[in-house]
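Inspection log for the structure reproduced underneath, given as structure tokens.
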Amino acid sequence: MITSVLVANRGEIACRVFRTCRELGIRTVAVHSDADENALHARVADAAVRLPGATPAETYLRGDLIVKAAVAAGADAVHPGYGFLSENAEFARAVVDAGLVWIGPPPEAIEAMASKTRAKELMGLAPLREVAQSDLPVLVKAAAGGGGRGMRIVRRLEELSAALEGARAEAASAFGDGEVFVEPYVERGRHVEVQVLADAHGTVWALGTRDCSLQRRHQKVIEEAPAPGLSEQLAEELCALAVRAARAVHYVGAGTVEFLVADDKAHFLEMNTRLQVEHPVTEAVFGVDLVALQLSIAEGQPLESEPPRARGHAIEARLYAEDPARDWAPQTGTLHRLAVPEGVRLDSGYGDGDEIGIHYDPMLAKLIAHAPTRAGALRKLAGALERATIHGPVTNRDLLVRSLRHEEFTTARMDTGFYDRHLPELTEPTPDPHAPLAAALADAHHSGSRFGAWRNVPSQPQTKRYAMAGEEHEVQYRHTRTGLEAEGVRVVSAGAGLVVLEVDGVQRRFEVARHGDALYVNNTALKPLPRFPDPTAQLAPGSLLAPMPGTVVRVAEGLAVGAAVEAGEPLLWLEAMKMEHKITAPVTGTLTALQAEPGQQVTVGALLAVVQPT
């Protein structure tokens, strides 16, 4: 019997595995980098072991340190989670060689399937060895790992060399393996996968299909089970192919076989020899705990001869600290508050007050809704996201709500190009025009002063300025004998934490929260502004600022001060939150300053370069 489990991972998946372990009475052990010393997964475990350093290469990719941590903490089993070393056969062997139980497939199965090139060969397929014009578009893909890292779409032959270089660098950083390959890119295909579960006694379950077509940067955003709109024949074919792939490598444990579906035909992509981020939708539909089943299989227990029946529909949305309107730029800072309504499942690796840093994936949480029908699950999840309290860095919450309600998604006509087509309309800012007034009225009550900061005649209007959604807003209100008044609305009540306004005959509630200098009205972030702007806050035209904190991984070859550059031309690349971000010239002109060099750590807003416009 397993009595103590070390999770060789961090964040949400570590917390999720710990939850099942606690329910089963199993002791838990966390590992953490220096950056994660106070992270939620390190706090909720029964014991935690430090991995010195901050980057993945120094910590969560150091299998030798993790095995030593398991032995030192007295763990008798290791769960790899997903990402990092979860599909590393050598790590699995090192765990077994140390006398520990490996909660995953045999190392030989990992070797056969973890490399996407070898997996394709096993299924009778082969990657492209040479790329000609007629092969375009193609996809450059990391042979190890997943999560969209180490992937590039190439539509022009002259872009192939740079795509290969960038994919190798990103894959090496994320997985410790820089091997990449090239395959045809299927336009407007759907990403459909099958969850498999196999024991050591020859039983293999295919737990239905999942659709994961809504993706950004080749990383999934919204997933659901079962995959909608598939013919019964195609769904059965996908499950049969998945079982065939598992049996071909004598698979044991949880795994996922992924396909690209186009024109009612299935194209094998890969087999992920681990638990997937989206596993909760399968759990909801089949009424199982996949982590508990992983543990049972690792203990040698057999599965039932047949899997349970599927019931209803489940949808999962990944909540990221990122700004979709700014090329999905990751965001850092303090997560002041995260709370969701009852009735949906929340899997998160962060708690209130936790810091979101630059070293790891920007996913904050997953929200999962289950209902008897797909329409019911869609409505439930969209409503929960809309009502959730999220105070902290910018997130993709509004994008998720609009995606779930988009006609192309509700009618199950989506594909992997969904965001390429619809991102502008899905990220159009729609801030509440009454939020600044509510903030001003709450502030007037919070300050305890009857008079405004800039005028001392009670009959005169008081003026406040706020920044909201990238724009400045000025509002006015006045004190009267009966309370506070503002033009165009009726102030029903105004307190430090709640303002009620009547707008066009309808009363609306505005909850106001303050976290230090951060101000939120419902879920809208506002920044109080001084009455007069700072005249010194000026930047030279063409200044290129870091959109996020991160590390400069490389600068364009031959780039130097005095070079002529074109608007949109790549100048340098930043790595932040395990993803590589291309920084391009803002205008056409001459490079007059270059402040960045490879290996340099930069903060958000740091000056990287200046391009003097032509």
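Since the model is a prediction, treat every value here as computed from it, not as a measurement. Values reported hereafter were calculated over all heavy atoms of this structure, with side chains retained and with hydrogens, waters and symmetry mates removed.
- Residues Q133 and L157 are in side-chain contact: their nearest non-hydrogen atoms beyond the backbone lie under 4.5 Å apart.
- D36 places no side-chain N or O within donor-acceptor distance of the main-chain N or O of A39, the cut-off being under 3.5 Å.
- Side-chain contact, S213 with D415: no donor N or O sits under 3.5 Å from an acceptor N or O.
- A donor-acceptor pair shorter than 3.5 Å can be found between the side chains of D76 and T3.
- Using a 4.0 Å cut-off between charged nitrogen and carboxylate oxygen, K220 and E193 count as a salt-bridge pair.
- Under the 6.0 Å distance and 45° angle rule, R374 counts as a cation-pi partner of F409.
- With respect to the salt-bridge test (charged N to carboxylate O, under 4.0 angstrom), the residues E283 and R16 qualify.
- Side-chain contact of H218 with Q215: a donor-acceptor pair under 3.5 Å is absent, judged by distance alone.
- Taking the centre of each ring, F418 and H406 come in below the 6.0 Å mark.
- Looking at H191 and E258, their side chains come closer than 4.5 Å, going by heavy atoms from C-beta outward.
- For R10 and D361, the salt-bridge test fails: no basic side-chain N is under 4.0 Å from an acidic carboxylate O.
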- Message: For a side chain to side chain contact (heavy atoms under 4.5 Å, CB included) check, start with the C-alpha distance between L295 and T20, then their side-chain angles and the critical distance, and finish with the verdict.
- Response: CA-CA 10 Å; L295 292 164; T20 290; 4.2 Å; yes
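- By the 4.0 Å N-to-carboxylate-O rule, R210 lies too far from E223 to be salt-bridged with it.
- With contacts defined as side-chain heavy-atom distances shorter than 4.5 Å, the pair V131/L136 qualifies.
- A salt bridge links R19 to D347: at least one charged side-chain nitrogen sits closer than 4.0 Å to a carboxylate oxygen.
- For F84 and F91, the gap between ring centers reaches or exceeds 6.0 Å.
- A centroid separation of 6.0 Å or more is found between the aromatic rings of H313 and H370.
- Of the N and O atoms on the side chains of T395 and R397, not one donor lies less than 3.5 Å from an acceptor on the other residue.
- With hydrogens and angles disregarded, a donor-acceptor distance shorter than 3.5 Å links the side chain of H279 to the backbone of Q276.
- Side-chain rings of W328 and Y320 stay apart, their centers remaining 6.0 Å or farther from each other.
- Here R152 pairs with E170 in a salt bridge; the nearest charged N to carboxylate O distance falls below 4.0 Å.
- Salt-bridge annotation for E165 and R168: absent, with no side-chain N of the basic residue lying under 4.0 Å from a carboxylate O of the acidic one.
- Summarising the local packing, CD of E425 is surrounded by more than 12 heavy atoms from other residues, nucleotides or ligands at distances under 6.0 Å.
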